[in-house]
Amino acid sequence: VGIVIGIPAVWAVSRFVVGKRYKTAGHIPPEVFERATKIRGKVVAVGDSDNFRLYHTPGLGWGWIRNIPKTRKELQNQTISIRIAGVDAPEGAHFGMPAQPFSAEAKQFLTKLVLNKRVQVQLLSRDQYSRVVSVHLDDLELLI
């Protein structure tokens, strides 16, 4: 009786309560992209007008049993870089190139929309910079 009930119970708890956490985009297996899986997490940084960093929080208990790291050092190699699919936002200054017009406003908009919020994203693919290309599902009407 213990085996018949115990093994399925342990499996159910590990699958639905604990969950499998992806530390970085490199930890996400290809089949997850093929199924266009949806994942949840907390946005810990906004990089530019069309991308942000997500701390993946599967399962239950985040914020009261399990903690999300707060410092940059603790978050190093623990976040997934997300690029929002279909968004061609103005680029900020980088690689010796000047910022495009309205890049600061676009970044400010995305920051206000997602920073420090729990969001759900649908994983579509991985781009040439090892970022996850996804659709941001929460507050989607605000992006249109």
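Because the structure is a prediction, the values reported are computed rather than measured.
- Here the closest non-hydrogen pair linking Tyr55 and Asn67 is OH-O, 4.5 Å.
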Residue pair Val44, Leu54: steps toward the side-chain contact (heavy atoms from CB on, under 4.5 Å) verdict:
CA-CA 6 Å; Val44 295; Leu54 179 84; over 6 Å; no
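- Closest of all the heavy-atom pairs between Pro69 and Leu75 is O-CD2, 3.6 Å.
- To the nearest 0.5 angstrom, Lys70 atom NZ is 8.5 Å from Glu74 atom CD.
- Atom OG in Ser134 sits 9.5 Å away from atom CD1 in Ile80 (nearest 0.5 Å).
- Inter-residue side-chain proximity for Tyr22 and Pro29 is flagged as met; some heavy-atom pair is nearer than 4.5 Å.
- Cluster annotation: Val133 and Val87 are assigned to distinct hydrophobic clusters (Ile/Leu/Val/Met/Phe/Trp/Tyr, side-chain heavy-atom contacts under 4.5 Å, transitive).
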Side-chain donor/acceptor pairs under 3.5 Å, residues 94-114, sequence neighbours excluded:
from	atom 1	to	atom 2	distance (Å)
His94	ND1	Gly92	O	2.7
Gln100	OE1	Glu91	N	2.8
Ser103	OG	Gln100	O	3.1
Thr111	OG1	Lys107	O	2.8

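- With values rounded to the nearest 0.5 angstrom, Arg83 atom CZ is found 9.5 Å from Tyr129 atom OH.
- Note: Ile39 CD1 to Lys20 NZ = 12.0 Å, rounded to the nearest 0.5 Å.
- Inter-residue side-chain proximity for Asn77 and Lys23 is flagged as unmet; no heavy-atom pair is nearer than 4.5 Å.
- Side-chain contact between Val132 and Ile28: present, with at least one pair of heavy atoms (C-beta onward) separated by less than 4.5 Å.
- Between Ala85 and Leu124, the shortest heavy-atom distance links the atoms CB-CD1, 3.8 Å.
- Between the OG1 atom in Thr57 and the CD atom in Gln120 there is a gap of 10.5 Å [rounded to 0.5 Å].
- Considering every non-hydrogen atom in both Pro90 and Ser49, the closest pair reads O-OG, 3.2 Å.
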Run the side-chain contact (heavy atoms from CB on, under 4.5 Å) test on Val121 and Lys38 for me, step by step, so that the C-alpha distance in whole Å, both residues' side-chain angles and the decisive distance to 0.1 Å come before the verdict.
CA-CA 5 Å; Val121 295; Lys38 298 172 187 170; over 6 Å; no
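- A 4.5 Å side-chain heavy-atom check between Val135 and Leu123 finds every atom pair outside the cut-off.
- A donor-acceptor contact shorter than 3.5 Å is absent between the side chain of Asp48 and the backbone of Asn51.
- Residues Gln78 and Arg21 have side chains that bring a donor and an acceptor to within less than 3.5 angstrom of each other.
- We find the CZ-CZ distance between Arg118 and Arg40 to be 10.0 Å, quoted to the nearest 0.5 Å.
- Defined by atom type and a distance below 3.5 Å, a donor-acceptor pair is present between the side-chain atoms of Thr79 and Arg53.
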